[in-house]
Enquirer: 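Okay, here's the structure, questions in a sec.
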Amino acid sequence: MANTIEDFQKFGKSQFETATASSQGVVKAFQAIAAETTDFSKKSFENGSAFLEKLLGAKSLESAIQLQTEYAKAAYADFVAESTKLGELYTALAKEAFKPLESIVSKYQPVKN
């Protein structure tokens with residue numbers, strides 16, 4: 001009986017340590033996502049402000065359209081690049097979140113009939 005209680009305590013301690021380590025990884029992943037999103041927002045705002053200044057200084061309709069076209073292309077390229085980065089960060093977050101389950105599942109073998 002004492003052996004069973006000790007085994008249960010060891011199992012509980014192991015699970016607690018795994019969950020604690022995993023939660024730290026998840027927090028770091030969320031911090032990375034927040035930092036990347038903040039950086040992109042700042043960059044987008046700065047690019048938008050610079051575009052508006054250039055647009056206000058345009059001498060003709062053609063130059064204004066050219067500026068708009070260049071800005072739209074650059075903004076789209078930046079958005080696609082940022083989306084890719086965020087996708088990678090969210091993938092890393094999901095992997096980190098499921099690490100405890102991987103360790104639990106790997107400890108147990110399926111029962112063969």
Enquirer: Hey, could you give me the CG/OG1 distance between L89 and T37, rounded to the nearest 0.5 Å?
Expert: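 Reported to 0.5 Å precision, the distance equals 8.0 Å.
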Enquirer: Output the distance between atom CG (N47) and atom CG (L52), rounded to the nearest 0.5 Å.
Expert: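 Taking CG in N47 and CG in L52, the distance rounds to 12.5 Å.
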Enquirer: Assess the side chains of Q66 and E62: does a donor N or O sit below 3.5 Å from an acceptor N or O?
Expert: no
Enquirer: If you measure from CD on E46 to OG on S41, what distance do you get to the nearest 0.5 Å?
Expert: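 If we round to the nearest 0.5 Å, E46:CD and S41:OG are 11.0 Å apart.
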Enquirer: Might you point out which heavy atoms bring L67 and A58 nearest each other, and give the distance in Å?
Expert: CD1-CB, 4.2 Å
Enquirer: Quick one: do I65 and L55 end up in the same hydrophobic cluster if we chain Ile, Leu, Val, Met, Phe, Trp and Tyr together by side-chain heavy atoms under 4.5 Å apart?
Expert: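 No, separate clusters.
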Enquirer: Indicate yes or no: at least one non-hydrogen side-chain atom of E82 is less than 4.5 angstrom from one of E36.
Expert: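 They are in contact (side-chain heavy atoms under 4.5 Å apart), so the answer is yes.
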Enquirer: Which residue pairs satisfy the ring pair (Phe, Tyr, Trp, His ring centres under 6.0 Å) criterion with at least one member in residues 36-60, sequence neighbours excluded?
Expert: F51-Y71
Enquirer: Report the residues that fulfil side chain to side chain donor-acceptor pair (under 3.5 Å) with Q68, sequence neighbours left out, ordered by chain and then residue number.
Expert: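 With sequence neighbours excluded, Q68 shows a side chain to side chain donor-acceptor pair (under 3.5 Å) to no residue whatsoever.
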Enquirer: Looking only at heavy atoms, what is the nearest atom pair of A29 and L93, with distance?
Expert: CB-CD1, 3.6 Å
Enquirer: Measuring from atom OG1 of T38 to atom NZ of K43, what distance do you get when rounded to the nearest 0.5 angstrom?
Expert: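 So the OG1 of T38 and the NZ of K43 are separated by 14.5 Å.
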